[in-house]
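Data block below; observations after.
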Amino acid sequence: MPELPEVETTVRGLESVLAGRVLTRVEPRRADLRRAFPHDLRQRMTGARVTGLGRRAKYGLVHTDRGDTMVFHLGMSGRWRVDPEEIGTHDHLVVETDEGRRLSLMDPRRFGSVDLMATEALPDWAPFKALGPEPLSADFNAAQLGDALKGRIAPIKAMLLDQRIVAGLGNIYVCEALNIARIAPTREAGRLTGPKRTLLVEAARQVLTEAIAAGGSTLRDYARPDGELGYFSKQFRVYGREGEPCPCGKGVVTRRVDSGRSTFYCRACQR
DNA sequence: CCCGACGCCTGAGCGC
DNA sequence: TGCGCTCAGGCGTCGG
């Protein structure tokens, strides 16, 4: 599930359960996901009070009063379940609070990750240092994008998926933003004009903001034991809509595959 | 450095 | 019903 809006929705859901609470149990149920769990995760998190939550790109952050931050990434299939009735084989980390609430990080494909570090060291953490600006911040704009794309001959779609250019977009929202901005995914990144970059920045902000709003409205669903987030697929303009009419009214949604990843776009309006 | 391909995992859905 | 195939929202690494 996880691109920026889904992580944001997840963090907001976790916040209602964890903020201000003491963690009475923190139990990894296997040794690793994509990489090993921190060996001292249980010891450093158990008994700590959660002082706040946050998000950076597609990473969720859980800050504690011990000066630590647990950083999680949901990979392709990760999600947090709230008060699950049963703990299964894909529940890799279980957390309980002093209010008797229980959370489990479920991730069948195990492309996710959990890390733990001093909060003050977060900005120096290599994966964070490499990240580009938050797409919803003012640091992401046509000028910054112009600098980042200057001279790049790779297709714009690949550049937008590169978290060093802008941090938080994934395959779905890149397809959606390019459709809104009427830019072909294959377009050489460095050749986008200033006005087109402005349109693209605005389109990305729009689609992310709308998706977060839709996610926010399904927070009740989020809290269901099955953890279903209630996706916003009904609102997708092109993603997963091969053969259907493009909202532009002039074309049909086409699907192409590059290095195993699907791209959905409209040849009539995206140039 | 830049770029594209590939592997990591498991489950769901589909055609036969 | 069962099997095999394709596909999936991410990302790090490896060659060219």
Side-chain angles (χ1 to χ4, degrees), chain A residues 1-11 29-37 55-60 71-81 88-92 105-115 125-132 135 147-179 185-191 204 207-208 210-212 214-215 218 222 226-243 255-264:
Chain A
M1 48 162 213
E3 297 185 34
L4 185 153
E6 290 73 32
V7 178
E8 180 68 25
T9 300
T10 295
V11 165
R29 302 189 71 253
R30 54 175 297 128
D32 61 79
L33 288 180
R34 164 180 275 287
R35 48 179 175 267
F37 279 127
R55 177 191 59 74
R56 173 73 174 107
K58 301 175 192 172
Y59 293 88
V71 184
F72 65 85
H73 195 292
L74 298 174
M76 291 276 270
S77 60
R79 68 193 195 192
W80 282 95
R81 299 199 297 153
T89 48
H90 300 307
D91 292 296
H92 307 309
L105 176 59
M106 171 187 255
D107 184 3
R109 292 176 72 180
R110 305 204 304 271
F111 288 174
S113 62
V114 175
D115 292 283
W125 190 42
F128 276 16
K129 280 178 94 168
L131 293 174
D147 288 343
L149 299 181
K150 192 169 186 179
R152 305 295 295 268
I153 61 169
I156 183 62
K157 191 211 174 194
M159 293 292 93
L160 293 176
L161 288 172
D162 185 338
Q163 304 296 297
R164 294 170 298 186
I165 306 288
V166 56
L169 295 173
N171 203 34
I172 291 179
Y173 296 111
V174 164
C175 290
E176 296 295 299
L178 287 170
N179 178 258
T186 50
R187 186 76 175 281
E188 191 176 317
R191 290 183 177 261
V207 69
L208 292 174
E210 288 177 0
I212 290 171
T218 61
Y222 171 90
D226 61 11
E228 281 306 314
L229 268 176
Y231 283 160
F232 335 116
S233 50
K234 277 182 286 189
Q235 298 178 30
F236 292 159
R237 298 166 60 94
V238 289
Y239 188 84
R241 295 194 179 281
E242 182 179 16
R255 171 176 177 257
R256 60 174 279 140
V257 178
D258 301 288
S259 56
R261 308 303 304 279
S262 289
T263 302
F264 298 89

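Hydrogens, waters and symmetry mates play no part in the numbers below; they use all other heavy atoms, side chains included. A note on names: the letters A, B, ... follow the listed sequences, proteins ahead of strands, and every chain is numbered from 1. Note that the coordinates shown come from a computational prediction; the quantities given were computed from them, not determined experimentally.
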Distance check needed: C:dG10 C1' versus A:Leu33 CG, whole Å only. 13 Å
What is the separation between atom CG on A:Leu208 and atom C1' on C:dG9, rounded to the nearest whole Å? 13 Å
Looking only at atom types and distance, does a side-chain atom of A:Arg29 sit under 3.5 Å from a main-chain N or O of A:Asp91, one as donor and one as acceptor? yes
Is there a donor-acceptor contact under 3.5 Å from the side chain of A:Ser113 to the main chain of A:Arg34? no
Secondary structure of DNA chain B in dot-bracket form (Watson-Crick or G-U wobble, distances below 3.5 Å, | marking inter-strand pairs): .|||||||.|||||||
For A:Arg191, enumerate each residue passing the side chain to side chain donor-acceptor pair (under 3.5 Å) test, keeping only those at least two apart in sequence or located in another chain. A:Glu188
Going by heavy atoms in the side chains, are A:Leu4 and A:Arg55 under 4.5 Å from each other? yes
Residues that A:Ala167 engages under side chain to side chain contact (heavy atoms under 4.5 Å, CB included), provided they are two or more places apart: A:Arg56, A:Ala57, A:Leu131, A:Gln163
Spacing of A:Leu160 atom CG relative to C:dG9 atom P, expressed in whole Å: 16 Å
Mind listing the N/O atom pairs, protein and nucleotides 3-5 of chain B, below 3.5 Å?
unit_1: B:dC3; atom_1: OP1; unit_2: A:Ile153; atom_2: N; d: 2.9
unit_1: B:dC3; atom_1: OP1; unit_2: A:Ala154; atom_2: N; d: 3.4
unit_1: B:dC3; atom_1: OP2; unit_2: A:Arg152; atom_2: NE; d: 2.3
unit_1: B:dC3; atom_1: OP2; unit_2: A:Arg152; atom_2: NH2; d: 2.4

With sequence neighbours left out, what residues match A:Glu242 under side chain to side chain contact (heavy atoms under 4.5 Å, CB included)? A:Arg255, A:Phe264
Quick one: side chain to side chain donor-acceptor pair (under 3.5 Å) partners of A:Asn179, sequence neighbours excluded? A:Arg237, A:Gln270
Distance (rounded to the nearest 0.5 Å) between A:Thr10 OG1 and A:Trp80 CH2: 10.0 Å
Could you measure between the two P atoms, the one in B:dC9 and the one in C:dC14, and give it in whole Å? 15 Å
Rounded distance (Å) that lies between atom C1' of C:dA8 and atom CZ of A:Phe236: 13 Å
Would you say A:Tyr239 reaches C:dG9's phosphate, i.e. side-chain N/O to OP1/OP2 under 4.0 Å? yes
Once rounded to the nearest 0.5 Å, what's the spacing between atom CD of A:Glu176 and atom CD of A:Gln235? 9.5 Å
All side chain to side chain contact (heavy atoms under 4.5 Å, CB included) counterparts of A:Leu161, not counting sequence neighbours: A:Lys157, A:Asn171, A:Val174
Who passes ring pair (Phe, Tyr, Trp, His ring centres under 6.0 Å) against A:His73, sequence neighbours left out? A:Tyr59
P gap between C:dT6 and B:dC6, integer Å: 14 Å
Verify, without hydrogens or angle tests, whether A:Lys58 (side chain) and A:Leu169 (backbone) share a donor-acceptor contact under 3.5 angstrom. yes
Among all residues two or more places apart in sequence or in another chain, which pass the salt bridge (charged side-chain N to carboxylate O under 4.0 Å, His left out) test with A:Arg164? A:Asp162
Rounded distance in Å - NE2 (A:His92) to P (B:dC9): 12 Å
Would you mind building the protein contact string for nucleotides 11-16 of chain C? One character per nucleotide, 5' to 3', B for base within reach (heavy atoms under 4.0 Å), S for sugar-phosphate only, - for untouched. BS----
Using OP1 and OP2 only, check whether a side-chain N or O of A:Ser77 sits under 4.0 Å from B:dC9. no
Taking CE from A:Met106 and C1' from B:dC9, how many angstroms apart are they, rounded to a whole number? 15 Å
Whole-Å distance separating the CD atom of A:Glu188 from the P atom of B:dC2: 14 Å
Rounded to the Å, how far apart are A:Phe111 CZ and C:dG10 C1'? 8 Å
Distances under 3.5 Å between nitrogen or oxygen atoms of protein and nucleotides 10-13 of chain B:
unit_1: B:dT10; atom_1: OP1; unit_2: A:Arg110; atom_2: NH1; d: 3.4
unit_1: B:dT10; atom_1: O3'; unit_2: A:His90; atom_2: NE2; d: 3.4
unit_1: B:dG11; atom_1: OP1; unit_2: A:His90; atom_2: NE2; d: 2.7

For A:Arg110, what residues pass the side chain to side chain contact (heavy atoms under 4.5 Å, CB included) criterion, not counting sequence neighbours? A:Arg30, A:Leu33, A:His92
